[in-house]
Amino acid sequence: MQASDPVPLPDRIGERIPAHTRKTPWLPSPGTARRLRRAGIARVLVTGCLVRVSLRGEITAREADSLAAQLRDLVQDGCRHLIVDLSEVTYLAREGAGVFFGTLRALRAVGGTLAVRGACPRSAATLHCLGMGRLAE
């Protein structure tokens, strides 16, 4: 592959891509982009086994199921270290934060880690009430 060749993009979130392209942001296909937006996911950046997921807007019970499915797919597709960026989240409901329990359990089963970054005070309080305050530190 020449330096000027376009970077091959995966068809779904977390799909393995060639090592020389892993530091580029992952750009979803139009159908995948709609699913990600419905789940509250704004951006996904893949760097090897490390995946950074940026969430946006309100993460309520309505988005919780689809967010859980997307994060579960990441782990099944090889993600071992996940960073969830909440800096653009305006509201985090208990059900939305509860998604991180299942994700953390799945990551620990494969020797992975989960970190939550950029939580506003209100979102951090929700995580703390659920006993997940250490993830947001």
Asp73, Val51, Leu71 screened by side-chain contact (heavy atoms from CB on, under 4.5 Å) with Cys79, the one that passes: Val51

Interatomic distance, [X] atom [atom1] to [Y] atom [atom2] [nearest 0.5 angstrom]:
X: Leu82; Y: Leu104; atom1: CG; atom2: CG; result: 10.0 Å
X: Ser123; Y: Ile59; atom1: OG; atom2: CD1; result: 9.0 Å
X: Ser54; Y: Leu45; atom1: OG; atom2: CG; result: 8.0 Å

Is any side-chain heavy atom of Leu130 less than 4.5 Å from a side-chain heavy atom of Phe100?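 Counting from C-beta outward, Leu130 and Phe100 never come under 4.5 Å.
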
Would you list the pairs meeting salt bridge (Lys or Arg N to Asp or Glu O under 4.0 Å) in which at least one residue belongs to residues 62-72, sequence neighbours left out? none

Does any pair with a residue in residues 103-116 pass side chain to side chain donor-acceptor pair (under 3.5 Å), and if so which ones, sequence neighbours excluded? His81-Thr113

Show the nearest heavy-atom pair for residues [X] and [Y], with the distance to one decimal.
X: Arg80; Y: Val75; value: NH1-O, 3.1 Å
X: Ala93; Y: Ala61; value: CB-N, 4.5 Å
X: Leu127; Y: Ala97; value: CD2-CB, 3.9 Å
X: Ala124; Y: Ala119; value: N-CB, 4.0 Å

For Cys129, what residues pass the side-chain contact (heavy atoms from CB on, under 4.5 Å) criterion, not counting sequence neighbours? none

Please tabulate, for side-chain N and O atoms in residues 83-92, each donor-acceptor pair with protein atoms closer than 3.5 Å (sequence neighbours left out).
{"residue": "Asp85", "atom": "OD1", "partner": "Ser87", "partner atom": "N", "Å": "3.0"}
{"residue": "Asp85", "atom": "OD1", "partner": "Ser87", "partner atom": "OG", "Å": "2.9"}
{"residue": "Asp85", "atom": "OD2", "partner": "Ser87", "partner atom": "OG", "Å": "3.3"}
{"residue": "Glu88", "atom": "OE1", "partner": "Arg56", "partner atom": "NE", "Å": "2.9"}
{"residue": "Glu88", "atom": "OE1", "partner": "Arg56", "partner atom": "NH2", "Å": "3.3"}
{"residue": "Glu88", "atom": "OE2", "partner": "Arg43", "partner atom": "NH1", "Å": "3.3"}
{"residue": "Glu88", "atom": "OE2", "partner": "Arg43", "partner atom": "NH2", "Å": "2.6"}
{"residue": "Thr90", "atom": "OG1", "partner": "Gly57", "partner atom": "O", "Å": "3.4"}

Could you state whether Met132 and Val99 fall into the same hydrophobic cluster, counting links through intermediate Ile, Leu, Val, Met, Phe, Trp or Tyr residues with side-chain heavy atoms under 4.5 angstrom apart? yes

